[in-house]
2 protein chains.
Amino acid sequence: MTRDDVARLAGTSTAVVSYVINNGPRPVAPATRERVLAAIKELGYRPDRVAQAMASRRTDLIGMIVPDARQPFFAEMAHAVEQAAADRGKMVLVGNSDYLDEREVHYLRAFLGMRVSGLILVSQGPSETAAVEIDAWDARVVLLHRRPEAIEDVAVVTDDVSGAQLATSHLLDHGHAYVACLGGTEETPAVGDPVSDHVEGWRRAMDEAGRSTEGRLFQAPYNRYDAYQVALRLLDGPDRPPAIVCATDDQAIGVLRAARELRIDVPGGLAVAGFDDVKEAGLTDPPLTTVASDRQAMARAAVDLVLDDGLRVAGSRRERLKLFPSRLVIRRSCGCD
Amino acid sequence: MTRDDVARLAGTSTAVVSYVINNGPRPVAPATRERVLAAIKELGYRPDRVAQAMASRRTDLIGMIVPDARQPFFAEMAHAVEQAAADRGKMVLVGNSDYLDEREVHYLRAFLGMRVSGLILVSQGPSETAAVEIDAWDARVVLLHRRPEAIEDVAVVTDDVSGAQLATSHLLDHGHAYVACLGGTEETPAVGDPVSDHVEGWRRAMDEAGRSTEGRLFQAPYNRYDAYQVALRLLDGPDRPPAIVCATDDQAIGVLRAARELRIDVPGGLAVAGFDDVKEAGLTDPPLTTVASDRQAMARAAVDLVLDDGLRVAGSRRERLKLFPSRLVIRRSCGCD
DNA sequence: TGCTTCCCCGGAAGCGGTGCCGCACCGTAC
DNA sequence: GTACGGTGCGGCACCGCTTCCGGGGAAGCA
């Protein structure tokens with residue numbers, strides 16, 4: 001089934017079939033349109049998207065790369081983006097980098113080669129190869145959630161510094177001597193990594209309260225399983241911290257699990273706060289106090305930026321930034337209630 | 001940058017460039033090949049995948065449709081498929097149907113229009129529209145995990161009946177008077193729905209042990225959040241069941257959470273078993289006894305079937321089935337240890 | 001040396017659409 | 001009756017790549 005068949009049956013040219021399918025670029029007389037539509041239906045004709053993409057040099061695809069869609073936060077993010085894109089008639093292809101630069105670039109190349117109309121990148125590492133690939137293709141990219149230094153493109157991120165500060169202060173307000181911080185795995189996380197911002201926010205809050213941060217920053221991968229292992233060791237020691245802010249909810253869930261294992265009461269013996277407000281945060285025991293931002297709105301912003309020409313704005317990195325506010329969601333793991 | 005540029009720089013024809021890129025279909029003299037490769041590198045040429053797809057009438061894409069990739073089970077399944085496909089040089093596009101027939105068909109059409117080389121369908125509802133769409137396109141489809149009656153294609157599924165039977169018997173062996181079952185939401189789940197098989201397995205085990213199943217089957221959506229709500233009501237009643245087998249681990253997690261809320265000790269006051277063995281099952285409190293199957297192998301089988309011509313086999317539905325065994329993973333929620 | 005045979009390579013015809021450009025036809029103004 | 005503007009369609013040149021087919025040159029053989 002090709003346009004030719006349709007054109008023949010409708011007794012028109014193939015051009016007219018195109019005009020009808022795309023509502024343009026030239027008008028078609030109502031009667032002709034009807035004939036074409038009828039022929040399409042009769043033959044069960046479906047335009048070949050590949051051929052359309054080839055000829056029109058565009059697609060209604062958006063590529064999205066995330067570190068690992070099995071983690072709830074990324075899964076929810078991807079879902080939000082999918083919805084926002086669907087609202088604008090676009091489809092999202094998502095690829096998992098598995099926290100590997102190499103796979104990130106692999107998907108980047110693959111998506112770009114597929115002529116996606118834009119790319120939403122929830123980056124992981126330093127992404128230097130990704131950066132060169134991006135401007136080799138002169139691709140339309142928006143960074144979401146993380147903002148690696150190597151990549152200059154427009155970014156949609158949350159105010160992680162304030163968020164962490166909020167959470168830390170809140171924990172401090174509960175009267176704890178200090179608050180430990182569970183960051184990412186990197187010794188010195190790159191600028192643009194939300195986790196480094198979390199750490200920064202935590203530092204500020206601690207400083208303001210006049211507490212030392214010395215030796216109170218711990219490292220764990222962002223997922224609950226590894227964080228659980230780390231927390232097991234951390235909480236079992238002699239100087240167990242009275243409170244912990246985590247860089248992600250998933251880590252916090254691991255901490256909660258470790259605390260239960262060790263029969264440490266939360267929040268009685270240990271206060272915990274997370275970050276991201278994943279859906280599950282409401283169903284942990286105790287429910288997790290965490291830092292939220294408007295995921296829907298961020299997804300929409302990212303999609304809008306990538307589709308409209310919001311990307312090509314000039315200006316410094318700071319200006320090419322869409323910063324969403326963080327707010328504290330108080331549940332019970334902090335000691336409230 | 002097109003092939004023409006490469007050909008010009010290398011001093012060959014465009015055909016030769018193709019031969020080099022694809023290692024065929026005709027051989028190229030080593031010296032020529034080198035020149036072409038050098039030109040490609042110098043220009044930073046990347047073949048246009050869309051044009052390749054258009055000309056060759058194939059892609060290295062596999063479409064996959066799942067109900068909701070935010071649920072751990074589907075996320076893990078998708079990940080396994082992604083890996084299996086990557087091993088064979090293919091890329092997977094995944095779409096979420098959100099349990100809506102309409103969106104399932106939407107993705108089906110979209111993927112088919114993109115000329116994917118095959119489709120792996122983790123279906124949800126009855127999928128009748130999906131079925132007509134599939135043979136309208138004469139698409140290469142393999143069903144994974146679920147097997148709606150409307151779709152005739154080859155399926156890769158687990159032996160859910162035995163699995164549920166195993167789990168139920170095990171719970172019974174712990175001496176409980178009976179085992180309740182938490183199934184899906186449908187009054188009469190369609191044939192091919194694993195959940196209906198779970199229920200069937202549960203029935204058999206109960207029958208064998210001479211226990212009545214009357215009024216002991218309950219309904220809940222497959223996710224932890226809704227299952228939690230259902231469990232809250234179920235467990236709070238006067239005749240709380242002594243043991244429950246759930247149709248999915250996610251439901252079981254919801255049940256565990258509800259039990260904790262109600263201060264019911266698991267497994268002391270309530271034994272629980274799940275189904276699927278998602279990663280998280282090892283990290284619940286208590287760790288979840290569940291039914292596992294080899295997800296890796298199933299993913300590989302699905303990918304192999306969809307890519308090779310395993311699909312076109314004749315034979316009855318029963319013959320067009322790849323059944324993977326279920327095995328019981330004993331942890332602590334059942335009362336062991 | 002003349003004729004096959006084989007190996008490499010190039011020309012060119014698609015793949016299934018898009019969309020520019022121009023033509024034919026009709027109605028209106030003069 | 002001729003000139004003219006507008007409207008609706010159709011011809012056709014692409015988009016960038018694959019791959020068939022055939023030609024030309026070198027090597028092999030008599």
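Treat the numbers as computed from the prediction; the structure is a model and nothing was measured. Letters A, B, ... mirror the listed sequences (proteins, then strands); counts begin at 1.
Rounding to whole angstrom units, CG of residue B:Asn23 and P of D:dT18 are separated by 12 Å. When the P atom of D:dC12 is taken as reference, atom CG of A:Asp4 falls 14 Å away, rounded to whole Å. Counting to the nearest Å, the C1' atom of D:dC15 and the CE atom of A:Met54 are 4 Å from each other.
Each salt bridge (Lys or Arg N to Asp or Glu O under 4.0 Å) pair with one or both residues in residues 79-97 of chain B, not counting sequence neighbours, appears once here: A:Arg103-B:Glu82, B:Arg88-B:Asp304, B:Arg88-B:Asp308. Pairs engaging residues 98-122 of chain B under the ring pair (Phe, Tyr, Trp, His ring centres under 6.0 Å) rule: B:Tyr107-B:Phe111 [sequence neighbours left out].
Between the side chain of B:Ser127 and the main chain of B:Ser123, no donor-acceptor pair closer than 3.5 Å is present. In terms of modelled atom types and a separation under 3.5 Å, the side chain of A:Arg140 and the main chain of A:Val306 share a donor-acceptor contact. A:Arg146 contributes a side-chain N or O that, together with a main-chain N or O of A:Gln124, makes up a donor-acceptor pair within less than 3.5 Å.
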N/O to N/O distances under 3.5 Å, protein versus nucleotides 19-23 of chain D:
unit_1, atom_1, unit_2, atom_2, d
D:dT19, OP1, B:Arg58, NH2, 2.9
D:dC20, N4, B:Tyr19, OH, 2.4

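Here B:Arg46 pairs with A:Glu133 under the salt bridge (Lys or Arg N to Asp or Glu O under 4.0 Å) rule; sequence neighbours left out. Applying the salt bridge (Lys or Arg N to Asp or Glu O under 4.0 Å) rule to A:Asp5 yields the partners A:Arg8; only residues at least two apart in sequence or on another chain are considered. By the side-chain hydrogen bond (donor to acceptor under 3.5 Å, both in side chains) test, A:Ser18 pairs with no residue at all, sequence neighbours left out. Every residue meeting the salt bridge (Lys or Arg N to Asp or Glu O under 4.0 Å) condition with A:Glu76, not counting sequence neighbours, appears here in chain and number order: A:Arg295.
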Pairs under 3.5 angstrom only: tabulate donor-acceptor contacts from the side chains of residues 59-70 of chain B to other protein residues two or more places apart or in another chain.
unit_1, atom_1, unit_2, atom_2, d
B:Thr59, OG1, B:Leu61, N, 3.4
B:Thr59, OG1, B:Arg115, O, 2.8
B:Asp60, OD1, B:Arg49, NH2, 3.1
B:Asp60, OD2, B:Arg49, NH2, 2.8
B:Asp68, OD1, B:Arg70, N, 2.9
B:Asp68, OD1, B:Arg70, NE, 3.2
B:Asp68, OD2, B:Arg70, NH2, 3.4
B:Arg70, NH1, A:His79, ND1, 3.4

Side-chain donor-acceptor distances from residues 24-45 of chain B under 3.5 Å, at least two apart:
unit_1, atom_1, unit_2, atom_2, d
B:Arg33, NH1, B:Asn23, OD1, 3.4
B:Arg35, NE, B:Ala10, O, 2.9
B:Arg35, NH2, B:Ala10, O, 3.2

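Here the straight-line distance linking atom CD1 of A:Ile134 with atom OG1 of A:Thr129 works out to 10.0 Å at 0.5 Å rounding. Once rounded to the nearest 0.5 Å, the distance linking OG1 of A:Thr2 with CG of A:Asp4 reads 3.5 Å.
Each of B:Gly11 and B:Ala51 was matched to the nucleotide of DNA chain C holding its nearest heavy atom; the match closer to the 5' end belongs to B:Gly11.
Nucleotides of DNA chain C that come within less than 4.0 Å of any heavy atom of chain B span, from the 5' end to the 3' end, C:dC8 to C:dG16.
Of the residues in residues 28-39 of chain B, not one places a heavy atom less than 4.0 Å from an atom of DNA chain D.
The terminal axes of the helix from C:dT1-D:dA30 to C:dC30-D:dG1, fitted over 5 pairs per end, subtend an angle of 60° to the nearest 10°.
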